[in-house]
Structures are given as structure tokens and as C-alpha cells.
Amino acid sequence: MSTAFTTGKELQKMDPVFGQLSFNDHEQIVFCNDKDTGLKAIIGIHNSVMGPALGGTRMYNYATEWEALNDVLRLSRGMTYKAAITGLNLGGGKAVIIGDPKTQKTPELMRKFGEFVHSLSGRYITAEDMGMETSDMDIVRDVTPYVTGISESRGGSGNPSPITAYGVYLGMKAAAKQQYGSDVLSGKKVLVQGIGHVGETLVDYLTKEGAIVTIADINEERLAEVGAKYNAEIYRGDDLYSADVDIYAPCAMGATLNDATVHKIKAKVIAGAANNQLADENVHGKILQERGIVYAPDFLINAGGIINVYAELEHYGKEEIMRKTENIYNTTLEIFDFAIANKMTTHKAALTIAQNRIDQRKLENSKK
Ligand code: NAD
């Protein structure tokens with residue numbers, strides 16, 4: 001798992017929690033341990049000013065506990081800003097379970113994890129992330145109401161990925177409008193890196209609009225399947241980041257915009273689903289800006305998933321989910337304008353607007 005800008009050794013030199021580079025005034029970090037089931041989990045509550053901290057649970061075979069801690073700190077912070085920029089009354093949280101989901105995930109372990117979530121009395125609400133399935137959330141639901149992303153038969157909103165892909169598609173169109181003066185993607189060369197749940201649906205939207213799609217993945221089977229289904233070209237070069245494309249859509253892992261890649265990217269638009277695409281948001285966002293590349297902030301355009309699970313809490317239906325997701329297009333354009341007006345990167349602009357909303361709400365809350 002990427003630690004993005006710190007190595008394991010560097011992490012160990014720092015104070016374990018408050019001294020972490022990724023520590024950003026998080027409100028609460030909860031370490032969950034259960035010997036019987038082998039559960040080792042960390043729940044990170046970054047900020048709860050706007051509402052309960054909502055964010056998925058990731059199960060991953062982290063090389064070290066430091067990596068797991070770093071991941072939960074970064075991911076939970078991202079959720080705070082994602083909810084705030086999308087206008088949802090939610091705070092930011094996330095959980096990680098240390099272990100291989102293929103071999104170490106059991107119903108007993110998930111149940112125990114649910115009990116820990118329940119012990120926080122709703123300050124943290126969980127959902128799916130990597131290594132988790134809807135059926136796991138159903139187990140968590142047996143022991144706590146503080147879970148979303150449960151199966152539709154139990155009143156859940158189902159798989160969020162198609163909605164996420166729709167939001168990413170609209171964010172990409174907004175970014176194309178900003179760069180090229182038109183949001184029409186027909187004829188544009190788009191590279192989609194990662195054709196999993198979100199990436200494949202994005203390929204579908206792009207193909208239907210007439211974009212020239214190239215796909216990349218580490219899974220050869222998926223490449224063959226998705227390539228044939230959408231008649232998409234499969235990337236076979238040895239340096240994906242210098243591919244001759246107009247738009248790069250990172251839809252696999254985070255931190256692909258880093259020292260080794262930002263200088264050679266030929267695409268003039270970057271818009272994708274992956275979380276935390278900028279390895280260092282203060283450094284790499286600036287380089288992209290200087291190179292004239294329009295970067296659509298990841299936490300804004302991949303918010304379809306959270307809009308979808310928020311529906312479970314607020315009891316709104318598909319129509320409202322789609323309306324809120326469609327709004328990503330306008331918000332993305334507003335952020336580009338704000339970035340230009342305030343001479344800052346698009347990522348910083350989105351963070352600033354989100355932080356302003358949080359500060360405003362904090363003020364209102366203090367007056368109650
Ligand atoms: P997924 O696991 O279904 O798909 C990821 C795909 O990326 C897989 O096909 C995998 O083989 C591929 N991949 C992994 N490493 C790769 C590499 N080094 N190079 C190329 N391909 C690689 O995940 P997903 O649900 O489609 O999510 C994709 C990204 O979007 C993740 O970063 C996720 O955190 C983010 N995201 C997803 C949602 C959602 O609703 N699913 C919401 C917000 C953000």
C-alpha cells in the first residue's frame with residue numbers, strides 16, 4: 001500500500017500518532033484489537049463538524065502497522081473534504097482492517113468489527129471500501145445501525161460504483177470544457193488506468209460519447225474482457241504516463257501523480273476516480289498547474305459513491321442521487337473559476353471552499 005510521501009523508516013522516526021505527517025488535527029483514532037477473531041483495525045475520525053464521520057472500511061495486507069495508520073489518517077481526512085465540497089451533512093472518517101481479505105476475513109471478524117463501530121455510538125458510520133463486499137456490510141448491520149452500503153434487499157442503496165463513475169465522467173467533461181472550451185469528449189483520446197468497478201463503467205460512458213479509449217490494468221483477464229466489450233485499445237507500451245493522450249483517468253490506486261510522473265504526462269486533462277491521486281498535494285498539484293494541465297480534484301469528482309450511501313441515511317431515492325451527482329459538473333467548473341481568481345491550484349481551491357464551509361458550520365454550531 002502506498003504511503004505516498006513517507007517511507008516506513010521515516011514513519012518510524014516520528015511520534016506514532018500526533019507526529020505523523022498525515023496527522024491533520026484528527027479528532028479521534030481508535031485502535032481495535034480482538035485476539036479471538038484476529039481483528040486488528042484502526043478507525044480514524046478526522047472531523048465531525050458537518051455531521052457524523054462517514055467513510056468506508058478498507059481491508060488490506062499492510063506491510064506494517066505504520067502503513068495502516070498512515071492510510072487511515074490520509075483517507076479519513078479526504079472524506080471530510082469530500083463530504084464538505086459535495087454539500088453533505090457528514091464529517092470524515094475511515095477504517096482500515098489489517099489483513100488479507102481473501103484469507104483472513106471471516107464473519108466473526110466482521111461482526112467484531114461491527115461491535116467496535118457500534119461502541120462509537122454513531123460518531124463513525126462505516127461503508128465498503130477495498131477488500132469489502134456488500135455482504136460484509138450486511139454482517140456489520142447485524143450488530144450496529146451505523147453502517148451504509150448494505151444490500152438493497154435490506155434497505156441499502158446497493159453498489160455505489162456506477163454512480164461514482166457517472167460523477168467522474170461529468171467531472172471529466174467539466175475539465176475538458178475548461179481546457180478545450182467544449183465538454184464534448186467525442187474524438188478525445190482518453191486513457192483509463194484501472195478498469196475495475198468504476199473504470200469499466202467510465203469506459204462505457206466514454207465509448208458511448210465517441211471518445212477514443214485506451215485501457216490499462218494489471219489484470220490481463222479484465223483487459224481482454226473490457227477491451228473486447230467496448231472495442232477499446234489496450235495499452236501495451238512500457239511507460240503509461242507518457243502515453244500520447246488528451247485525458248488521463250486514474251481509476252486504480254492513489255499517488256500516481258508523483259515526482260516520477262508529473263513532468264512527463266502528455267495529457268492536458270486529468271480526471272479519475274482514484275483517491276489521493278496527488279502524492280504530495282502541495283508539490284504535484286502546482287507542477288500540473290504550471291504545465292497547463294487541468295486537474296479535476298479527485299475527492300470532488302469521485303463523490304458519487306458517498307452521495308449514494310448518504311441516501312440510506314437521509315432516505316432519498318435514485319432521482320435525488322442522480323441530481324446531486326449531476327451537480328458535480330457545476331461544482332467542478334466553479335472550483336476552476338475559484339482557482340483562477342485566487343491564483344491557486346484546483347486541488348487547493350476545492351480544499352479551501354470545503355474548509356470555509358466547515359469553518360462556517362463550526363461558527364453556527366457554536367452559536368446554538
Ligand atoms: P476495483 O478494485 O474494482 O478496481 C481497481 C482496478 O485497478 C482493478 O481492475 C485492478 O486490477 C486495477 N489496478 C490495481 N493496481 C493497478 C495498477 N498498478 N495499474 C493498473 N491497474 C491497476 O476498484 P474501484 O471500486 O473501481 O475503485 C477504483 C478507484 O476509485 C480506487 O482508488 C477507489 O478507492 C476509488 N473510488 C472508488 C469508489 C467506488 O464507488 N467504487 C468511490 C470513490 C473512489
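One-based numbering, in listed order, for ligands and for the atoms of each. Keep in mind that the numbers below use all heavy atoms, side chains included, and drop hydrogens, waters and symmetry copies.
The closest side-chain donor-acceptor pair between S157 and E312 falls under 3.5 angstrom.
Side-chain rings of Y166 and Y205 approach one another, their centers coming within less than 6.0 Å.
Summarising the geometry of A249 relative to L202, their closest heavy-atom pair is CB-CD2, 4.0 Å, with the distance given to 0.1 Å.
In this structure, of E128, H197, E200, the residue bringing a heavy atom nearest to atom 25 (O) of ligand 1 is H197. Heavy-atom proximity to atom 31 (C) of ligand 1, evaluated over A273, G304, A252, G305, is greatest for A252. Nearest-heavy-atom check against atom 15 (N) of ligand 1 across N159, I218, L223, L75 picks out I218.
From the protein, the heavy atom lying nearest to atom 11 (O) of ligand 1 is D217 OD1, 2.6 Å. Regarding atom 18 (N) of ligand 1, its nearest protein heavy-atom neighbour is M253 CE, 3.2 Å. Atom 33 (C) of ligand 1 has its closest protein heavy atom at N275 ND2, 4.1 Å. For atom 43 (C) of ligand 1, the nearest protein heavy atom (residue, atom name, distance) is N302 O, 3.6 Å. Ranking the protein heavy atoms by distance from atom 4 (O) of ligand 1 puts G196 CA, 3.2 Å first.
Per-atom contact check: atom 41 (N) of ligand 1 touches the protein, criterion being a heavy-atom distance below 4.0 Å.
With a 4.0 Å cut-off on non-hydrogen atoms, C251 touches ligand 1 through its backbone and not its side chain. With a heavy-atom cut-off of 4.0 Å, V198 touches ligand 1 through backbone and side chain alike.
F116 and I125 fall within the same hydrophobic cluster, defined by Ile, Leu, Val, Met, Phe, Trp and Tyr side-chain heavy atoms under 4.5 Å apart, directly or through other members.
Between T345 and Q289 there is a side-chain heavy-atom pair separated by less than 4.5 Å.
Checked against a 3.5 angstrom limit, the closest N/O atoms of S161 and ligand 1 fall inside it. When only interatomic distances are considered, the shortest N/O to N/O separation between T164 and ligand 1 falls below 3.5 Å.
Taking the six-membered ring for Trp and thresholds of 30 and 60 degrees, F23 and F18 have ring planes more than 60 degrees apart, a perpendicular arrangement.
Using a 4.0 Å cut-off between charged nitrogen and carboxylate oxygen, E200 and R222 count as a salt-bridge pair. Comment: R111 does not engage E108 in a salt bridge, judged by the lack of any side-chain N to carboxylate O separation of less than 4.0 angstrom. The pair D36-K112 does not count as a salt bridge, with every side-chain nitrogen at least 4.0 angstrom from each carboxylate oxygen.
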